[in-house]
*Asks:* 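Can you keep this structure in mind? I'll have questions shortly.
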2 protein chains.
Amino acid sequence: MERQYKAGMDGTEAFESRGNDVTVANPKTVRSSDFLLRLLALALTLVAAIVLGVAKETQTVALTVVPTLPPLNVPVTAKWQYMSAFVYFVVTNAIACAYATLSLVLSIANRGGKSGLALMLIILDLVMVALLFSGNGAAAAVGVLGYRGNSHVRWNKVCNIFGVYCRHIAASIVLSLLGSLVFFLLVVLSALNLHKKSP
Amino acid sequence: MERQYKAGMDGTEAFESRGNDVTVANPKTVRSSDFLLRLLALALTLVAAIVLGVAKETQTVALTVVPTLPPLNVPVTAKWQYMSAFVYFVVTNAIACAYATLSLVLSIANRGGKSGLALMLIILDLVMVALLFSGNGAAAAVGVLGYRGNSHVRWNKVCNIFGVYCRHIAASIVLSLLGSLVFFLLVVLSALNLHKKSP
């Protein structure tokens, strides 16, 4: 009789706890969406860094050295290393990519749900949001200058000459922006998850 | 006798709940630090926007129009409206400042601790982190170009001419960076707070 009663208690408890999980947040769904988002962030930041990293274009530019002589045709190469904003952009994407890999491993290791590690991941995700958005801003600002130029400071546009290079930059910025939005989403999901768990 | 017992129960309960609050998180401390940080973010983004907004410098620049004639002395003005990155920077700081004001009001109104509003504030704080960091990145990238120039794309430095203007920009970027770190801290504190509350 006692055994039956105990079994009944256990059954009720199990049911109650399962019921709670459904209304609070399905941990399996949360974990797999977290895993997929981290994988997506890894891929996006990796491809963004590579697309800008391999961008290199050489064009022959007519250069006036002495005003009275005809212009010289000089081969000029455009590389990401030549512009500090692009170097920063590639570095931020590489850091975010490395972190995404590390966090994937940590989030798989954290299946048990150690809450200290989960909190550390939220804060580091937030650092990545800040880092990637500053890198995107820097690259986009220089990209706009290259595309349109600025007559006030007499900086000529260069995208009319280095068209392929500029398209690489634009694609890379879009990819990195998507990557930073994934990190943004990871922080939002973690906050929602913590919020649902809190009383 | 019953009244005494009840009073005793009330007293014990009050003590317990106070004890709980100290170990979990003192709501008064959390609320006042949240209030102070929002006030600080408001002040920093406001001053950052104003410092760049009022920055304007006119200098006489020797301009060579025809190579055979002596250069002309032309007055040239530097303004934030002339550079799209600075316009974006001022707009992001203005948005962050307006949001900081609104969130101050909301966080005072939310003394009762409605959790839906608290969650909305975390997400909007996060949006401000992303927005401000992208604005800082953009302004810093153009600031570095103005300070050092770039020989590869033949963009000359301008900070040797517009010294006061460049110092305004640098000060504004530092203020805005501090402002964005305050928003960063607000998100971290909210996450810590939710984390402490969750079982």
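Below, chain A is the first sequence line, B the second, and so on; all start at residue 1. On a predicted model such as this, the values are computed, not experimentally measured, just so you know.
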*Asks:* Do B/Ser134 and A/Asn136 meet the criterion of a side-chain donor-acceptor pair at a distance under 3.5 Å?
*Replies:*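 Note: B/Ser134 and A/Asn136 side chains miss the donor-acceptor criterion.
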*Asks:* Is it the case that the side chains of A/Tyr147 and A/Asn160 hold a donor-acceptor pair, with the cut-off being a distance below 3.5 Å and no angle test?
*Replies:* no
*Asks:* At a 4.5 Å cut-off on heavy atoms, which part of A/Val142 comes close to chain B: side chain, backbone, both, or neither?
*Replies:*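 Both parts, heavy atoms under 4.5 Å.
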*Asks:* Using the six-membered ring wherever Trp is involved, compare the ring planes of B/Tyr165 and B/Phe86 and label them parallel, tilted or perpendicular (cut-offs 30° and 60°).
*Replies:* perpendicular
*Asks:* Hey, could you give me the OG/CG distance between B/Ser190 and B/Asp34, rounded to the nearest 0.5 Å?
*Replies:*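 Separation between the atoms: 6.0 Å.
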*Asks:* With a 4.5 angstrom heavy-atom cut-off, could you sort out which part of B/Ala140 is near chain A: side chain, backbone, both or neither?
*Replies:*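 When you check distances to chain A, no heavy atom of B/Ala140 falls under 4.5 Å.
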*Asks:* For the atom pair OG (B/Ser103) and CD1 (B/Ile122), what is the distance rounded to the nearest 0.5 Å?
*Replies:*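 CD1 of B/Ile122 is found 12.5 Å from OG of B/Ser103.
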*Asks:* Among the options B/Ala141, B/Ala78, B/Ala130, pick out the one with the most heavy-atom pairs lying under 4.5 Å from chain A.
*Replies:*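 The option with the most such pairs is B/Ala130.
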*Asks:* B/Val158, B/Val127, B/Asn150: which one forms the most heavy-atom pairs within less than 4.5 Å of chain A?
*Replies:* B/Asn150
*Asks:* For chain A, which of B/Ile161, B/Val61, B/Val153 has the most heavy-atom pairs under 4.5 Å?
*Replies:* B/Val153
*Asks:* Side chain, backbone, both or neither: which part of A/Val144 has an atom under 4.5 Å from a heavy atom of chain B?
*Replies:*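 Side chain only.
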*Asks:* Based on non-hydrogen pairs under 4.5 Å, which of B/Thr77, B/Val129, B/Leu145, B/Leu132 is most in contact with chain A?
*Replies:*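 Going by pairs under 4.5 Å, I would pick B/Leu145.
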